[in-house]
Amino acid sequence: MVEQAADPVAEREVVLRATGIRKRFGPNEVLKGVDLTVLRGEVLCIIGPSGSGKSTLLRSLNHLEEIDGGRVELDGELIGYRRRGHRYVTLPGKQLAAQRARVGMVFQSFNLFPHMTVLQNIVESPVGVLKQPVREATATAMALLERVGLESKADAYPRQLSGGQQQRVAIARALAMKPRLVLFDEPTSALDPELVGEVLEVMKDLARDGLTMVVVTHEMGFAREVADTVLFMDGGIAVERGRPEDVLLNPRQARTKDFLAKVL
Ligand code: ADP
Ligand code: MG
């Protein structure tokens, strides 16, 4: 057997590659050709003003939006693309569903099923989509609840939990699918200020553990501390990206400077 030296670049393979993503709603061009690469274990934080296209970008990455141009590759597999004047092309339904199941999504508004207990919320997709045996899915769910500090709430209903607790359940639910990548869309924006910290702590813990994450956030402290890369979006364009200390503390672009002056 030939021994190969470990190549750190090769080891950090590309999980997600989006190229030239375009999206319009009627006359409103919301994404004007955005490129994005996420490496395994990377935490990418996306910042930018309201209406700049951050949510639309996340939704496009997860195929919740049909893009008008560009391509999205996950784990080296093309999941969707569109060339100008051509139809939107995706993987066949089953393969697309399989790829989408490998991308977790956590929304601002938690989106738990209100009529299901915490445990039922978490096991639903692993059992229904991944066809895991209920016992196995339950054991995984309980371990995840412990991870987010809510093992005592397994039988509670979402309405019995605080917003911060609900969001921690939503994170556990995303992780139960063993995703390659988790997309977070302003996960703390709907929370009362005193509940933000507990959710950010869980996310920091996941980042330390090597979870690959794309996080749209207004929490500049979190971005500064946890992100490997910060991307600043404005007007449907990826204006500036780099290490957090560069983008947040020494931005090069005037638009980034203006935005940071308002939020920091
Ligand atoms: P952000 O998340 O950065 O605040 P969004 O991606 O939500 O920005 O929105 C970008 C722009 O796209 C906004 O002008 C918004 O009104 C518009 N938009 C988003 N979703 C839709 C939709 N489903 N239909 C029409 N316009 C939309
Ligand atoms: Mg948004």
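Side chains included, hydrogens not; waters and symmetry mates left out as well; all remaining heavy atoms used. Whatever order the structure lists them in is the order used to number ligands and atoms, beginning at 1.
Remark: the Asp155 side chain and the Thr117 side chain contain no N/O donor-acceptor pair separated by less than 3.5 Å. Between the side chains of Thr229 and Glu42, at least one donor N or O lies within less than 3.5 Å of an accepting N or O. For Gln253 and Thr256, the side-chain atoms include no donor-acceptor pair closer than 3.5 Å.
In this structure, the side chain of Arg243 does not engage the main chain of Glu245 through any donor-acceptor pair within 3.5 Å. Within the 3.5 Å criterion, the main-chain N or O of Glu66 finds a donor-acceptor partner in the side chain of Lys23.
Around ligand 1 you find Phe25, Asn28, Val30, Pro49, Ser50, Gly51, Ser52, Gly53, Lys54, Ser55, Thr56, each with a heavy-atom distance below 4.0 Å.
The two residues Ala227 and Cys45 come nearest to each other via the heavy atoms CB-SG, 3.7 Å.
At least one N, O or S atom of Ser55, from either the backbone or the side chain, sits less than 2.8 Å from the Mg ion (ligand 2).
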